[in-house]
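Written below as C-alpha cells is the structure these notes are about.
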Amino acid sequence: AFEDLHRALVAEKLTVDAIQPEQLRESLVFFQPYDAVIVANVPAERLTEPMQELMAAAWRRPGVGLMMIGGYFSFQGIDGRARWRRTPVEDALPVTCLPYDDRIEAPEGIIAEVLKPAHPIVSGLPGPWPAFLGVNEVTARKGAEIIARLPEEQGGHPLLVAGTHGKGRSLAWTSDI
C-alpha cells in the first residue's frame, strides 16, 4: 500500500506530502518546494488538462521528477478508465499507455527480471524480488531505460522504466504497491 512507501521514504529522511489531486494549485510556485511528484492509482479525470499541462511544465525543469505507480487507475487502467493515454502527464512518462484495459493479472505470481542490477535505483536490493500479482502493460519510449521487466515467458513487459522529460526525470513502476 502507499502507506508502506510513505513510511519507507520518511525512514530515509525524505519529506513526503501525501495530497489528493483536488489539493493541487494551478501555479508553478506550488511545485517549487518539491523534488518529485508521485502519481499513484489516480485516474486522469481527477486532474484538469490545464493542471496536467502545468505539472508537465514543472517536470521539464532541472531536478524535478515524476513517478507513476501502477494500479487499477494508473496508466490506462481497468477497463481503460484511468485514461492517462494522450495526456500531458503521459507525455512526461518514459512509457506510453495502451488505448485499452492494460491490466495483466497473474494470480500465480510474477518474479521480475532485473536487467540493470547496478542501476542506482535498484543497486543493493536483494533478489529475487517478491512475486507480483499483476502489472499495467505499457510500452517503453525510445531512449528510456528498462531497469526491470517481466520474464520473456510472461510477456517481457516493462516493470521499472526510467527516462527524462525536458530537464526533469521520470519513472514508471507498473505494478501497484
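Here the structure is a predicted model, which is why all the values come from computation and not from measurement. Sequence positions, counted from 1, serve as the residue numbers for this chain.
With contacts defined as side-chain heavy-atom distances shorter than 4.5 Å, the pair E90/T87 qualifies. Counting heavy atoms from C-beta on, the side chains of L93 and L66 come closer than 4.5 Å. Using a 4.5 Å cut-off on side-chain heavy atoms (C-beta onward), F75 and V135 make no contact. Looking at heavy atoms from C-beta onward, I38 lies out of side-chain contact with L171 at the 4.5 angstrom threshold. Counting heavy atoms from C-beta outward, V114 and V122 have side chains that approach closer than 4.5 Å.
Ring planes of W129 and W173: tilted class, angle from 30 to 60°.
For the side chain to side chain contact (heavy atoms under 4.5 Å, CB included) with V138, the lone residue among T96, L98, T174 that qualifies is T174.
With sequence neighbours left out, the side chain to side chain contact (heavy atoms under 4.5 Å, CB included) criterion links A8 to no other residue. For D101, the salt bridge (charged side-chain N to carboxylate O under 4.0 Å, His left out) partners two or more places apart in sequence, or in a different chain, are R103.
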Trace of the side-chain hydrogen bond (donor to acceptor under 3.5 Å, both in side chains) decision for N136 with Y72: CA-CA 8 Å; N136 294 85; Y72 282 152; over 6 Å; no

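Q52 places a side-chain N or O within 3.5 Å of a backbone atom of L47 that can act as its donor or acceptor partner. Although no hydrogens or angles enter the test, the distance criterion places no donor-acceptor pair under 3.5 Å between the side chain of R141 and the main chain of P94. Checking side-chain atoms of E12 against main-chain N and O of L9 turns up no donor-acceptor pair under 3.5 Å. Between the Q76 side chain and the R81 main chain, no donor and acceptor come within less than 3.5 Å of each other.
Defined by atom type and a distance below 3.5 Å, a donor-acceptor pair is missing between the side-chain atoms of D79 and Y100.
Within the structure, side-chain hydrogen bond (donor to acceptor under 3.5 Å, both in side chains) contacts touching residues 104-114 (residues at least two apart or in different chains) are E113-R149.
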